[in-house]
Amino acid sequence: MNYRGRFAPSPTGPLHVGSLVSALASWLDARAHGGTWLVRVEDIDGPRTVPGAAQDILATLERFGMRADEPPVWQSTRIARYQEALEQLKAAGFVYPCGCTRKEIADSLLHAHARNTTLAYPGTCRNGLHGKPARAWRLRVPDGEAAVVGFEDRWQGKQTQNLATEVGDFVLRRADDQWAYQLAVVVDDADAGITHIVRGADLLDSTARQICLQRCLGVPTPRYLHVPVVTNEQGEKLSKQTGATALDCQEPLQALMAAARHLGLNLEETSGSGLAPTTLDDFYAAATAAWSKKIRLST
Ligand code: GLU
């Protein structure tokens, strides 16, 4: 099998314990399959991107011994491809312009909530803009049974989501002229020939949308594995906003051991000696063996 995996950090701050877990899991899965591991910098969300954070993340990965097998891809260099994909979707009638403002959407969701009906975008602009200027582009999600997208997650098990009732027509090109994560990630993974996606479970909810988009664009659906996210004491996903601190680059082994523990990998047992690894090479050998034992590898 020609396994190709990736780690796709958003440069919103330095690598922290939470993002290290995703990086490590994707790295181990690629190694366990004898595959290729890539890094993609998701730097197109202008307002959230922190200057210097991408270089910092790449240097930390290097320092921690996770070297990408090909040069990193920067989303900011790939805008023309996102535009092409949108044009393809327009030509096929899968997308429509939306003129709703945030306030209008919030109001309709509030009404829906009061009526106890769907919280999905109600599709106000599906049949035309009614004189409003176009602000965003949305994907027309399928109706009826076709709206139900299912997949087998290699960690979380069987997943299904009804895109029509749980999500609604979702945005691909935002009103603030930014490309939506959902479109960029699908185009990039397809162009890079990614066969396996390993990432944090906070993105589980996005996967059905991405599979739907893959079908509309006629590209293959990779296998998915979502690892549990690291939370703080309040149970919130660790991020810069919830107080995650940068990793201590002086102690890569300690941070990696903690990340492996979070993934439920018992390195002492796998190494056979009952001892914790003392070098990065030993760590990666033991962690890859422990991962292969714990996770069912794809054939
Ligand atoms: N850039 C996303 C994040 O940092 C991850 C995207 C992905 O793995 O699909 O949350």
Side-chain angles (χ1 to χ4, degrees), residues 3-30 35-50 53-58 60-61 66 68 72-79 81-82 85 149 151 153-156 159 161 170-172 174 178-214 217 219-231 236-242 244 246-247 259 263:
Y3 180 113
R4 286 171 72 80
R6 58 24 164 219
F7 171 54
S10 300
T12 52
L15 208 62
H16 54 76
V17 184
S19 37
L20 179 66
V21 164
S22 299
L24 177 64
S26 65
W27 196 96
L28 293 177
D29 200 49
T36 302
W37 185 71
L38 310 174
V39 173
R40 177 173 70 236
V41 179
E42 303 213 318
D43 61 339
I44 50 166
D45 194 340
R48 291 178 63 229
T49 297
V50 171
Q55 285 76 7
D56 194 53
I57 291 172
L58 294 174
T60 307
L61 289 172
M66 284 183 268
V73 168
W74 296 67
Q75 284 194 326
S76 51
T77 64
R78 295 187 36 81
I79 301 300
R81 283 291 297 128
Y82 309 144
V149 175
F151 64 99
D153 188 273
R154 293 174 50 222
W155 186 300
Q156 313 280 341
Q159 308 291 317
Q161 191 175 50
F170 54 94
V171 169
L172 301 182
R174 294 180 356 203
Q178 307 273 341
W179 291 97
Y181 156 69
Q182 309 293 358
L183 179 74
V185 80
V186 166
V187 171
D188 289 342
D189 285 332
D191 284 358
I194 299 301
T195 59
H196 290 71
I197 292 179
V198 175
R199 60 187 179 189
D202 53 314
L203 293 165
L204 200 52
D205 188 57
S206 287
T207 307
R209 266 171 272 186
Q210 293 170 16
I211 293 174
C212 173
L213 254 178
Q214 288 153 4
L217 288 167
V219 299
T221 291
R223 298 291 315 274
Y224 286 94
L225 188 159
H226 289 86
V227 295
V229 292
V230 182
T231 52
E236 301 161 324
K237 181 201 163 200
L238 219 56
S239 69
K240 212 179 58 174
Q241 290 73 27
T242 58
L247 291 163
L263 291 168

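Numbering of ligands and ligand atoms starts at 1, following listing order.
Residue R48 places its CZ atom among 12 or fewer non-hydrogen atoms of other residues, nucleotides or ligands, all under 6.0 Å distant.
Listed for the S19 side chain is no donor-acceptor partner under 3.5 Å among the backbone atoms of L15.
Residues satisfying the salt bridge (charged side-chain N to carboxylate O under 4.0 Å, His left out) criterion with R6, sequence neighbours excluded, are D189. The side chain to side chain contact (heavy atoms under 4.5 Å, CB included) search around A68 returns W37, V39, not counting sequence neighbours. Partners of D43 by side chain to side chain donor-acceptor pair (under 3.5 Å), not counting sequence neighbours, listed by chain and number: S76.
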Contact table, ligand 1 N/O with protein N/O, distance under 3.5 Å:
unit_1: ligand 1; atom_1: 1 (N); unit_2: A8; atom_2: O; d: 2.7
unit_1: ligand 1; atom_1: 1 (N); unit_2: S10; atom_2: OG; d: 2.8
unit_1: ligand 1; atom_1: 1 (N); unit_2: E42; atom_2: OE1; d: 2.6
unit_1: ligand 1; atom_1: 4 (O); unit_2: S10; atom_2: N; d: 3.4
unit_1: ligand 1; atom_1: 4 (O); unit_2: S10; atom_2: OG; d: 3.2
unit_1: ligand 1; atom_1: 8 (O); unit_2: R6; atom_2: NH1; d: 2.7
unit_1: ligand 1; atom_1: 9 (O); unit_2: R6; atom_2: NH2; d: 2.8
unit_1: ligand 1; atom_1: 9 (O); unit_2: Y181; atom_2: OH; d: 2.9
unit_1: ligand 1; atom_1: 9 (O); unit_2: R199; atom_2: NH1; d: 2.8

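Residues R154 and H196 have side chains in contact (heavy-atom distance under 4.5 Å, counting atoms from C-beta outward).
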